[in-house]
There are 2 protein chains.
Amino acid sequence: MLTIGALAKRTGTKVQTIRYYETIGLMPEPARSEGGQRRYDLAELDRLAFVRHGRQLGFSLDAIRDLLDLADNPAQSCADADSIAQRQLKQVEDRIARLQALQFELKRMISDCGQDSVAQCRVLEVLRNHSECLTDHEVGSDRSIGS
Amino acid sequence: MLTIGALAKRTGTKVQTIRYYETIGLMPEPARSEGGQRRYDLAELDRLAFVRHGRQLGFSLDAIRDLLDLADNPAQSCADADSIAQRQLKQVEDRIARLQALQFELKRMISDCGQDSVAQCRVLEVLRNHSECLTDHEVGSDRSIGS
DNA sequence: CTTGAACCTCTAGTCGCTGAAGGGTTTATC
DNA sequence: GATAAACCCTTCAGCGACTAGAGGTTCAAG
């Protein structure tokens, strides 16, 4: 039986995060000690490890919830799990593309500035005039990854 | 004199977002009509365009606040603006690197699954066993870009 | 039996917006 | 001059995924 602190250490999670997962129903309500403290078993350790690993791979908590359901009902879950992962891959690839456009624009902005200490700063100039940009560097929502 | 709606349309911003920028002090309190509606002039249009462009380039509102201060005090602001942009570039490059590790891992996970409809799903398997991963695909905070 | 680390609940804050409720103003048309 | 539509106002709550803090309780070691 693990305390919440031990579980946190083993999975690289903060204690508060585990309690948060419990409040949103991602982790089950665990057993309690006589004094009311949470006690976890190995099944719960596995579940949390699964969740954290999903988070590290950028899955949203909703996606992880779906994947957990699939893992619990093993009958032909593969196609569903695959499509969730495909969706995640696509999101990751979209984000990479957008960030690369940003990277290009930022690099150009910085290298144009650099040495000459004239009052005309390229960085500020570029921000003032969008027309100076070469790429379409709009950034979409980046909400799925927490700290 | 522009209404808030006209300003929103011209800058591709939502009306609420402009009001939000005002509450956090990023946009000044504008003039008002007799009936109390906001009226903007061209200086305010420029400022909002600057802010939005900074957001498109992934700068946080705090970074944009600093850049606006620099733009207002033109004396040798170039080095400061440059270092803010450098920091932003580094963040973008870090995020790209992490996302590419994710992309690699997700692709591997998906391609290993694919055809064989056996109950053993690679996607779920990989999530269960972190040790199967080849890369260090930890994802950091992605807080700086809104929707 | 005492200490102190770890636990508990509850609430509020983070970031950058977004949406909605419940009104008031402006403008165009009749 | 009336009316209606389109716009605007304030205020508050919510998103996702946590994180931090206050103020109190429990547990394990010495």
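In what follows, chains carry the letters A, B, and so on, assigned in the order in which the sequence lines appear, proteins first and then strands, with residues in each chain numbered from 1.
Looking only at side-chain heavy atoms (C-beta outward), A:Arg55 and A:Leu61 come within less than 4.5 Å of each other. Counting heavy atoms from C-beta outward, A:Leu57 and A:Gln88 have side chains that stay 4.5 Å or more apart. Contact of the A:Leu102 side chain with the A:Leu99 side chain is registered, since non-hydrogen atoms from C-beta on lie closer than 4.5 Å.
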For residues 14-29 of chain A, which side-chain N or O atoms pair as donor and acceptor with protein atoms under 3.5 Å away, sequence neighbours left out?
residue	atom	partner	partner atom	Å
A:Tyr21	OH	A:Arg52	NH1	2.6
A:Glu22	OE1	A:Arg38	NE	2.7
A:Thr23	OG1	A:Tyr20	O	2.7

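Atom CG in A:Leu57 sits roughly 17 Å away from atom C1' in D:dA17 (whole-Å rounding). In this structure, the CG atom of B:Leu2 is 15 Å from the P atom of D:dC7, given to the nearest Å. For B:Ile4 and C:dT25, the CD1 to P distance is 17 Å, given to the nearest whole Å.
One finds a side-chain N or O of B:Arg38 lying less than 4.0 angstrom from the OP1 or OP2 phosphate oxygen of D:dC9.
Closest of all the heavy-atom pairs between A:Leu127 and B:Leu67 is CD1-CD1, 3.6 Å.
Residues from residues 13-35 of chain B lying near DNA chain D, meaning a heavy-atom separation below 4.0 Å, are B:Arg19, B:Arg32 in numerical order.
Looking at residues two or more places apart in sequence or on another chain, you find a salt bridge (charged side-chain N to carboxylate O under 4.0 Å, His left out) between B:Asp62 and B:Arg65.
Residue-to-nucleotide proximity on DNA chain C shows that, of A:Arg39 and B:Arg39, the 5′-proximal contact is made by A:Arg39.
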